[in-house]
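The structure appears right after this line, and notes come after that.
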Amino acid sequence: MLLTQKTSNPWWKDAVVYQIYPRSFQDSNGDGIGDLQGIIQRLPYLEQLGIDAIWLSPVCRSPQDDNGYDISDYQDIDPMFGTLDDMDELIQKAKQHNIQIIIDLVLNHSSDEHRWFLEARKSKTNPYHDYYVWRDGTPDEKPNDMLAAFGGSAWEWVPELGQYYFHQFSVKQPDLNWENPKLRREIYDMILWWMNRGIGGFRLDVIDQIAKEPDKKITANGSRLHEFIQELSKETFQKGDLITVGEAWGANTENTKLYSNPDNSEFSMVFQFEHICLDQQEGKEKWDLAPLDFVKLKQVFAKWQTSLYQCGWNSLFWNNHDLPRIVSRWGNDGEYREKSAKMLATLLHGMQGTPYIYQGEELGMTNVSYDIEEYRDIETVNLYQERLDKGYDKDPIMQSIHAKSRDNARTPMQWDDTAYAGFSTAKPWLKLNPNYVTINAKNECSNPDSIFHYYQKLICLRKQYPVFVDGKFELYLPDDPDIMAYTRTLDNETLLVIANFHDQTRSIELPFAMDGELLISNYEQMTEPMTLRPYEARIYRIVRTN
Ligand code: NOJ
């Protein structure tokens, strides 16, 4: 297994991760669906960007009820994406480009077509029955009123058994029973098998939900959660030198010190969402839209930055396959698309943690506004029906879908302006964003001032200056409604990151004087040193003079 020489920091601490949603990245066999050989073709592009690792959304065998987050065989590749040989080739070829492959482990649930579940539902005495979460009941009386994330009850009746099984997501994603040590052992053996194939790391899907206690209506943060994770880590990850990232919607700064304990007893880092849910109405679903509270956003970032300093590690992200495109969401996807995309990148990459770039973010890809027939995501399709049934009008439902649908992030990668955007030679599984004729990788790579090259430069800076990795964070101007300003300090080195989050020019006054060298900025000509034009962002290396 990997890796670079040991320094005081683990290898992944200055790494930048790029997330690939395989079905939308690059199709190599003309079926309109991205695949592993397609990713192999694009490795030189990723090396040029400068990333260190690819997080691959699930490619294991799956009926694709939730686009692969419903796995029916953890040790095989879905034919839609290729074969195990393709996967081995990807792992090896990626290494030749200095890139590690992180695979997505979906361990909270399997597919209902997994052989464990097919066995489990045969009888209550089947050895696999207890791999899942069952409760007795009658057809008219569910164990309780818990709801599934994709709509409807979290309990599904199996008449032959006279029992319900528990599913936190779709009915085709039965929850695994982590209380069962035999199940846990099978999972560890499967992970070791992947490690032997040369995997560089794992992303653990909704890992905070594995220790569910449905009788108490507990999903995230069950009482045995950290015991399970520590055992998992000891039996598997600690035998290698991996990057591991736990997706945890229920994380807070306190439990993250456990999840990402520098003693390596759990994961390398968490992937938590507090900052990204700030335009959601309090206590409401993600579909109930609210404006972003920018001052709150800064507070949340500052809280995570300071609480985890030297005792934990966080992921830095604006996007993933479950979230809308950030430039449409909190930037400006019209006149200031390029400026705001670079500003958002600057704010994020200046902080402490591991930056994640979601495919197309480096091109400034935007949201889409399709008619309902074009959407493929199970959550979106179910939401639409559920809200119609509840009596909502179509227009507000579509407004929410345009703003928040997961398919915003899943439209195919925009490589060039040819038919199907260079993604495929056939009609893609999900409609392309029509703006691919102008927003595409070919244009971005040939323009030295592009968003792509800006990301490339940010990645280089992280490698060049250790202060990006280890510097202590301090927030300035916390109440300013437009400006985010912070420093990062390590020994004698200080970085100053300043950004205008909005589209009006603003002058700012910092509480200290300084001399500085400008490391990066998204505007060519400098104006007054402390006047920031719409969405302007800069990073300085500074010396404070008072
Ligand atoms: C989180 C994943 O990111 C999402 O795409 C998926 O639908 C759920 N977990 C269920 O696996």
Side-chain angles (χ1 to χ4, degrees), residues 4 6-17 50-52 243 245 253 256-257 260-262 268-272 274-275 297-318 342-357 454-478 480 483-499 501 508 510-522 529-530 532 537-546:
T4 50
K6 272 272 166 212
T7 58
S8 52
N9 267 337
W11 69 271
W12 48 262
K13 273 231 164 141
D14 70 357
V16 174
V17 180
I51 54 113
D52 304 274
I243 177 171
V245 48
T253 51
T256 293
K257 292 176 194 168
S260 61
N261 193 326
S268 315
M269 68 191 84
V270 287
F271 201 91
Q272 59 75 31
E274 189 175 353
H275 64 290
L297 177 72
K298 293 193 289 185
Q299 268 168 21
V300 168
F301 275 139
K303 177 180 76 178
W304 282 87
Q305 290 287 302
T306 48
S307 317
L308 295 189
Y309 182 61
Q310 294 185 333
C311 57
W313 200 256
N314 201 359
S315 305
L316 304 168
F317 67 94
W318 292 120
K342 291 175 178 174
M343 178 279 290
L344 289 159
T346 315
L347 274 188
L348 202 75
H349 285 240
M351 286 191 278
Q352 183 163 49
T354 297
Y356 284 70
I357 301 170
Y454 195 87
Y455 270 88
Q456 194 186 43
K457 193 165 176 199
L458 282 171
I459 296 171
C460 286
L461 288 171
R462 174 167 290 266
K463 311 280 175 201
Q464 199 178 343
Y465 297 103
V467 59
F468 275 91
V469 178
D470 288 318
K472 187 169 187 194
F473 176 96
E474 196 169 347
L475 184 71
Y476 291 90
L477 313 177
D480 191 299
I483 304 294
M484 181 153 174
Y486 61 85
T487 53
R488 302 282 311 284
T489 304
L490 178 68
D491 303 326
N492 301 324
E493 185 113 78
T494 297
L495 296 175
L496 170 68
V497 180
I498 46 174
F501 210 81
I508 62 171
L510 289 167
F512 53 82
M514 58 165 221
D515 287 332
E517 172 201 353
L518 186 67
L519 294 181
I520 189 167
S521 160
N522 60 351
M530 284 308 152
L532 294 182
R538 304 176 196 162
I539 302 181
Y540 292 95
R541 230 173 131 201
I542 62 164
V543 177
R544 287 171 61 156
T545 51
N546 70 350

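We use all heavy atoms of the structure for the numbers below, so side chains are in, but hydrogens, waters and symmetry mates are not. No experiment lies behind these values; they were computed from the predicted model shown.
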**Report entry** Check: Q305 and L316 side chains under 4.5 Å, non-hydrogen atoms
**Finding:** yes
Query raised in the report: Measuring from I498:CD1 to I508:CD1, what's the distance to the nearest 0.5 Å?
Result: 4.5 Å
**Report entry** L495 side chain near L519 side chain, heavy-atom distance below 4.5 Å
**Finding:** yes
Query raised in the report: Can you name the salt bridge (Lys or Arg N to Asp or Glu O under 4.0 Å) partners of R488, sequence neighbours left out?
Result: none
Query raised in the report: Got a sec, which residues hit side chain to side chain contact (heavy atoms under 4.5 Å, CB included) with D52, two or more places apart in sequence or on another chain?
Result: A15, V16, K463
Check: residues 343-355 side-chain donor-acceptor pairs under 3.5 Å, at least two apart:
from	atom 1	to	atom 2	distance (Å)
T346	OG1	K342	O	2.6
T346	OG1	Y454	OH	2.8
Q352	NE2	V469	O	2.8
T354	OG1	W313	NE1	2.8

Query raised in the report: Do F271 and F317 have ring centres separated by under 6.0 Å?
Result: yes
Requested in this report: Please list, chain by chain and in numerical order, all residues satisfying salt bridge (Lys or Arg N to Asp or Glu O under 4.0 Å) with K457, sequence neighbours excluded.
Outcome: none
Report task. Quick one: pull up CD1 in I483 and CG in L532 and give me the separation to the nearest 0.5 Å. Result -> 4.5 Å
**Report entry** Option passing ring pair (Phe, Tyr, Trp, His ring centres under 6.0 Å) with F301 (candidates F473, F501, Y486, W318)
**Finding:** W318
**Report entry** Pairs flagged by side chain to side chain donor-acceptor pair (under 3.5 Å) wherever residues 464-473 is involved - sequence neighbours left out
**Finding:** N9-D470
Requested in this report: With sequence neighbours excluded, tell me which residues meet side chain to side chain donor-acceptor pair (under 3.5 Å) with S268.
Outcome: T244
Report task. Under the side chain to side chain donor-acceptor pair (under 3.5 Å) rule, collect the residues that match up with W304, sequence neighbours excluded. Result -> E274
Report task. Check whether any side-chain heavy atom of F468 sits under 4.5 Å from a side-chain heavy atom of I539, and report yes or no. Result -> yes
Report task. Could you grab the distance from atom CG of N492 to atom CG of L490, nearest 0.5 Å is fine? Result -> 9.0 Å
Requested in this report: Go through the steps for I459 and I357 under the test side-chain contact (heavy atoms from CB on, under 4.5 Å), then give the verdict.
Outcome: CA-CA 11 Å; I459 296 171; I357 301 170; 4.0 Å; yes
Query raised in the report: Can you name the ring pair (Phe, Tyr, Trp, His ring centres under 6.0 Å) partners of Y476, sequence neighbours left out?
Result: F512
Query raised in the report: If you round to the nearest 0.5 Å, how far is OG of S315 from CE of M269?
Result: 5.5 Å
Report summary line: Y356 meets the side chain to side chain donor-acceptor pair (under 3.5 Å) criterion, sequence neighbours left out, with none
Query raised in the report: So, for Q272 and N314, which heavy atoms are closest and what is the spacing to 0.1 Å?
Result: NE2-ND2, 3.2 Å
Query raised in the report: Among all residues two or more places apart in sequence or in another chain, which pass the side chain to side chain donor-acceptor pair (under 3.5 Å) test with E517?
Result: R541
Query raised in the report: Who are the side chain to side chain contact (heavy atoms under 4.5 Å, CB included) partners of T494, not counting sequence neighbours?
Result: T487, T489, I542
Report task. Taking N522 for its side chain and A537 for its backbone only, find out whether a donor-acceptor pair lies under 3.5 Å. Result -> yes
